[in-house]
A.B. asks: 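My structure is below; once you've seen it, I'll send some questions.
Here is how names work: the chains are called A, B, and so on, in the same order as the sequence lines, proteins then strands, and each is numbered from 1.
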There are 2 protein chains.
Amino acid sequence: MNKRQATSADVAALAGVSQSTVSRSFDEKSRISAATRDRVFAAAKELGYQVNKAAQTMIKQRSDLVGLVTAGLEDPFRSEFLNQLVIEVQRQGFRPMVIDVTHNQGIDSSLQALMQYQLSGVVITSGSPSESIVQEFVSRSVPVILVNRADQESNLSGVDIVNIDNVGGGELAAKSLIQSGCENLMVVRAKASSYSSLMRTKGFIQQVSSHSAIKTLNITEVESETSDYEGGYQLAGQLLAKQEVPDGVFFCMDHIACGFMDAARKEFHLSIPQDMSLIGFDDIRLASYQSYALTTIKQCPKLVSKAVVDNLVKRLDEPSSSPMYQVVPVTLIRRDTLAS
Amino acid sequence: MNKRQATSADVAALAGVSQSTVSRSFDEKSRISAATRDRVFAAAKELGYQVNKAAQTMIKQRSDLVGLVTAGLEDPFRSEFLNQLVIEVQRQGFRPMVIDVTHNQGIDSSLQALMQYQLSGVVITSGSPSESIVQEFVSRSVPVILVNRADQESNLSGVDIVNIDNVGGGELAAKSLIQSGCENLMVVRAKASSYSSLMRTKGFIQQVSSHSAIKTLNITEVESETSDYEGGYQLAGQLLAKQEVPDGVFFCMDHIACGFMDAARKEFHLSIPQDMSLIGFDDIRLASYQSYALTTIKQCPKLVSKAVVDNLVKRLDEPSSSPMYQVVPVTLIRRDTLAS
DNA sequence: ATGAGTTGTTCATACGTATGCACAACCTTG
DNA sequence: CAAGGTTGTGCATACGTATGAACAACTCAT
């Protein structure tokens, strides 16, 4: 017994009005007499009427879906961010459609396929889409928002950009380590470094350099094989065996820091922060747990998500205003891995 | 310059055929001569044609969207599971639409609104939908799949159910603790316990009871305020202060276990597993980290996700076959929190 | 050579909504 | 009371696709 959904025509028939009137009754800014609207609503309720989004999309040439494009969902911080995006997208009246481009073809063909859905917007949180495909969205006035993917001087024209203050975060980390007396500094980033990691490293090194004028500081730059806990764990194994133990380390990602910390403690019996100060980046949940209590540069996924969706809405309102570039601030969260 | 998307009519014009022929060219099981199909594909490629899913949905009365309904995305394990669902849904040719029902109205009105999208299926991973709303989906032959929500004897008719072996996991935990010599057992679940936690507890207690015949065993049942790390941390504070320290504890969720462990170590200077054996449930990532190395009952989100989507596809094929009930096995992951 | 069956294509239509246009009924103002 | 303005409703159409029915061009067996 495959029941059919009630349509606006059904509601119209029951309320004794035309289909147009039903449609207009659900549109705030249409002129409808209160009496008619009431009748329509009553009929709609009785039939359990729900608008057909597909039909609506056909007419409006735009669905209420927002594509959230990510490359891989394993990284817990990435998924934490994605979740905030989901919440915010939903809060502002859209529906989140998640697209994972790793277990799939490349990002470009994935994006190409997204043209099928008349999206209200595309949020790209990882991967590097080609210019042509992005242009395709922009030329059909579908907002494209890049998160932590590129600079303001990006060669992708017409896209909006939201970044966190990666450089500032790196600088903040450097300042904090130096201030707590560290002299042999190390900065760790993942081998296949993302844009954000590069910027964080850049900020860190810049800041160290500017302090080198007044104080002698060593700095080494190191790469972790992978950008997760295991990567940090292994890295510590390789580095600390050589006895060249730095006294202050900045990690571009908390996960690497936690893995490194575990290895330093268990395998090399180092005390943190007595033997070595550590600062991470992101402020993942793990960082707040007692076993780690990691001092870190916190970025707030909630803030970033809000910035992204606000941006998207604004862009839908004014399709041809100039591209937006927004930087969300970061803060230092002081816990127990920084010598005082 | 708001460009228009190429339509099948555009492709038809370029290829010199009718719109129907274009449509049929993209349909595997339509009879089209190879020559025509080639011409159509060439034209489609030249125009960058992408089918309009909204129009397709109108005709087929079914979109390729699958609704993934969850209540809250904070819990990392829940979000890990959701991510696997996203991947699997995508892998099998659908698109995941995520619906979070916490930052929203209740689950029923959220589900009601989902009728707007002509979904290919709804996966419910948390919350308890009312029978009537579920019936509404079922009567429109939209598959509804409940994950870890209910028993086979559920009063919700027409839905398919996928569970993990919660009871079996609880039993396994009990066996392991008893086998390693524990006698004063404790089982911890969250205050507002979910179906899964109740089943896990049930399995644990059952198993303990059956061993009580041959050996004297104490068992206490305890509730954590919240089902996260902090809940476990606080709980340990309350319990261990009373000096009634059990020698074997089973936690319905890893997070609670980790919080408990941290508190036991830092605040009460207990050694694990010398003073106390711990077993968790889920096998979250954190459990594998050196600082915790938690012995736990592992459930595999990948397996569950596959079961869910396989089920969904089968149900779409045979809308009126009898409801399916599937139980995904769990395994014991032995790490360092179980005395040997 | 005739009829039946097969293959490949086109025509026409339906899906459910939003919206420009037309128009009737009413209100306002002089 | 006339002319112009406002308000509320209906009619007709467009959006882009899939698909049943019709049909033409072949194939093949009789």
A.B. asks: Could you pull out all residues at least two apart from A/Asn166 that satisfy side chain to side chain contact (heavy atoms under 4.5 Å, CB included)?
C.D. replies: A/Asn148, A/Ile164, A/Tyr195, A/Ser196, A/Met199, A/Arg200, A/Phe281

A.B. asks: As a quick check of understanding, evaluate side chain to side chain donor-acceptor pair (under 3.5 Å) for B/Arg78 and B/Thr125, giving each step before the final call.
C.D. replies: CA-CA 9 Å; B/Arg78 191 175 296 257; B/Thr125 67; 4.8 Å; no

A.B. asks: Side chains of B/Gln61 and A/Gln5: donor-acceptor distance under 3.5 Å anywhere?
C.D. replies: no

A.B. asks: Under the rule for ring pair (Phe, Tyr, Trp, His ring centres under 6.0 Å), what residues qualify as partners of B/Phe94, not counting sequence neighbours?
C.D. replies: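 For B/Phe94 there are no ring pair (Phe, Tyr, Trp, His ring centres under 6.0 Å) partners, ignoring immediate neighbours.
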
A.B. asks: Not counting sequence neighbours, which residues clear ring pair (Phe, Tyr, Trp, His ring centres under 6.0 Å) with A/Phe77? List them please.
C.D. replies: none

A.B. asks: Using a heavy-atom cut-off of 4.0 Å across all strands, would you classify A/Gln5 as base, sugar-phosphate, or nothing?
C.D. replies: nothing

A.B. asks: Whether A/Gln19 contacts D/dG10 is assessed here as follows: a side-chain N or O lying under 4.0 Å from the phosphate OP1 or OP2. Is that the case?
C.D. replies: no

A.B. asks: Using the heavy-atom set of chain A and a strict 4.0 Å cut-off, write down the first and last nucleotide of DNA chain C that makes it in, 5' to 3'.
C.D. replies: C/dG16 to C/dG20

A.B. asks: Are B/Asp317 and B/Arg315 within salt-bridge range, i.e. N to O under 4.0 Å?
C.D. replies: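 Not counted as a salt bridge, because no side-chain N and carboxylate O are separated by less than 4.0 Å.
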
A.B. asks: Nearest whole Å is fine: how far is D/dA18 P from B/Met58 CE?
C.D. replies: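 Result: 13 Å.
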
A.B. asks: Using a strict heavy-atom distance below 4.0 Å, which residues from residues 20-38 of chain B are in contact with DNA chain D?
C.D. replies: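 Correct list: B/Ser20, B/Ser23, B/Arg24.
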
A.B. asks: Applying salt bridge (Lys or Arg N to Asp or Glu O under 4.0 Å), can you list everything that pairs with A/Asp38, at least two apart in sequence or on another chain?
C.D. replies: none

A.B. asks: Going by atom types only, do A/Gln92 and A/Glu88 share a side-chain donor-acceptor pair under 3.5 Å?
C.D. replies: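 Looking only at side-chain atoms, A/Glu88 and A/Gln92 do form a donor-acceptor pair, the distance falling under 3.5 Å.
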
